[in-house]
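Heads up, the thing below is written out as structure tokens.
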Amino acid sequence: MVEYALEAISHAGTSLGIVSKEGVVLAAERRVSSKLLETRDLEKTYVLDDHVAVCVAGIVSDANTLVHYARSVAQNFEATFSEPMPVEQLVTRVADLKQGYTQFGGLRPYGVSMLYAGWDRNNGYQLYVSDPAGNFGAWRATCVGANAQTAQSMLKTHLAGPSGGSGADGADGPGADTHTSATSQDDAIELTLEDAINLSVKILCKTIESSNVTSEKLEIAVLTLHPVSKKPVFRALTREELDILIARIMAAEAAEKAAAEAEKAQQAARAASEAAAAIRANASGSGN
Amino acid sequence: MSIMSYNGSAMLAMVGRDCVAIASDTQLSANGQMISTDFQRVHMVNNNVMIGMSGLATDVQTLWADFRARTKMYKLREERDISPRAFAHMVSSALYQRRFGPYFIEPVIAGIDPDTKKPYVCSTDIIGCIEKSPNFVVAGTCTENLYGMCETLFRPDMDADDLFETVAQALVNAFDRDAYSGQGAIVHILTPTELITRTIKTRTD
Amino acid sequence: METLISLTGKDYVLTASDMTAARSILVFKVNEDKTRDLSPHITMAFCGESGDTVQFAEFIQKNIRLYAIRNNFELSPKAAANYVRTQLAESLRSRSPYAVNVLIAGFDEHEGPELYWLDYLGTLCKIPFGAHGFASNFVLSTLDNAYLPDMDLEQGIALLKSAIKVVQQRMLISQPNFQIKLVNKDGVSVIDI
């Protein structure tokens, strides 16, 4: 049964998350199936508490149930301890619920993978992924959904540090239960928030199966700390901000492509002239 | 001694022109013994609503933990802040659910309706019967004194500064004649745009 | 019949708990430990209905320990105090409530020294100094009179000594021994004064 759920998620729109020095980015492809469909600002991203948000991939109705469960758990914790719930604990609780549905017959597992972005006092900015089987792990940057492979390898090339970068290492797989803090010291390159947002747009532009990417097909949200109050703030990027970002990425890409073509042409020319020179040299050589 | 005066408290809420105020004493005593002069009975629910709870301190804390969780769930699901009126009914039903084994608190609720921008003030009894007032509500161990002061000092359509002066004078002079409450006061004034909080030093005998 | 006294200083909290176990007109022992450590940096002193006290304290102690094992980090003093409050408040409206009063002393790396006062009803209050028991009637006057915020350890110990002296001098009930615990950045320790 879990295999079917996993299969369903591999067809869902790509969702990705990146931890940066100044915040966590959640980005997702949204698939607008019809022009007649009413859309909201955030289609797949839900706030669970002031300091945790989640981006879901899979069956939306299942996700709604899980989101409601996670919200109640977080509120219950705060009512008992008078402190915000540590992110990993919340992730664990939801993962435990998911696991329960994989163990006994007659029940269908939740067909949802979730990307959690959070901040807490103990571990700072964090990113987690949980799958329908109840596996979860902490990540520097990762993704779920269709084209996850492509996105994952792009993240790896952009983020892996000198020693390969353990956080964005595909070998771990999104099922690996790493239990490490996402902000722990390792060699992966630490991005600024701006870089992380740009990178997420760049990757989504690649993975979305459409020739022209518009702001309607993307949703991006960031979890940061308020500069004055130092409390976590979650904000969705506006349509206009997305338009500007997409335009910039597209322009950069076009410029890159043009440069690559020019380079190719130049190389070809060089190769041709070298070949000509070689022939000439040969000819004169044989003449001797 | 009644369970309602075990911890001692005095508070009131009052309506001004486009503003509301809650004033409360800040002491916690238990059976007549002073425990702290810095106890919080008034809480901000959101930018439009505040609640003060008089009565048994443990129930104040238990219920605030509950109300905070419920209003947060409301906000997450509805994607908007709860209105003062809706919040008052939430408090009312939470209290009435314990009709035959009640929480020993009498809340006062004050807020500004986010849509109409009209001030809203009400109180309930310990089992949640709402009493909406056009001018002021009082609660605690010296309600007689508070009613007297409020009846004397209240004027309709006070601005935020006048309202502060009025509620502060009403509260301080009421609890100075009460053995169970006092030792400093805190006043919260809520306008459609801001929350002003002032603490008042009073006699500490 | 029992006495708990506690005060916070510049970078520490001191608790004093009497060590007498008595019932009716009989003293059973004078070396009873009325504290339990909830974590390396939190200790809880308790008094109240005998039977309830140790049962409740160890229930709390073991649940907070379980939390630390499960989640790989310790609860903050504030969270621990609120957890105890929740348990007492829930118990208050149960069929057989715990009649236990506690003082929770803790040290937090962000917040510094903290002291929480909790009664059997579940009333939680963060205080600079406080006491439980009959003796609180004398002790609080002594502390009110001489307490200063940011006292160093020497001054704190001197004040605690004078508070204990008042109890032993003025209270009808004999409490010959007090256990003193010190909580600071290095954790909880028992000290002689």
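Just so it is clear: chains get the letters A, B, ... in the order the sequence lines come, proteins before strands, and each one is counted from 1.
Looking at S82(A), both its backbone and its side chain come within 4.5 Å of chain B, counting heavy atoms on both sides. Using a 4.5 Å cut-off between heavy atoms, E79(B) touches chain A through its side chain atoms alone.
Between Q75(A) and R70(B) the shortest side-chain heavy-atom distance does not fall below 4.5 Å.
Here the CD-NZ distance, from E78(A) to K72(B), works out to 4.0 Å after rounding to the nearest 0.5 Å. With rounding to the nearest 0.5 angstrom, the CG atom of L76(B) is 8.0 Å from the CG atom of L48(A).
With a 6.0 Å radius and a threshold of 12 heavy atoms from other residues, nucleotides or ligands, K117(B) has its NZ atom above the threshold. Within a 6.0 Å sphere centred on CZ of R177(B), other residues, nucleotides and ligands contribute 12 heavy atoms or fewer. Around CD of E194(A), the count of heavy atoms belonging to other residues, nucleotides or ligands within 6.0 Å does not exceed 12. In the displayed structure, E241(A) atom CD is contacted under 6.0 Å by more than 12 heavy atoms of other residues, nucleotides or ligands. Dense packing is recorded around CG of D81(B), with more than 12 heavy atoms of other residues, nucleotides or ligands lying under 6.0 Å away.
Taking every heavy atom of both residues into account, A65(B) and A79(A) meet most closely at CB-O, 3.8 Å.
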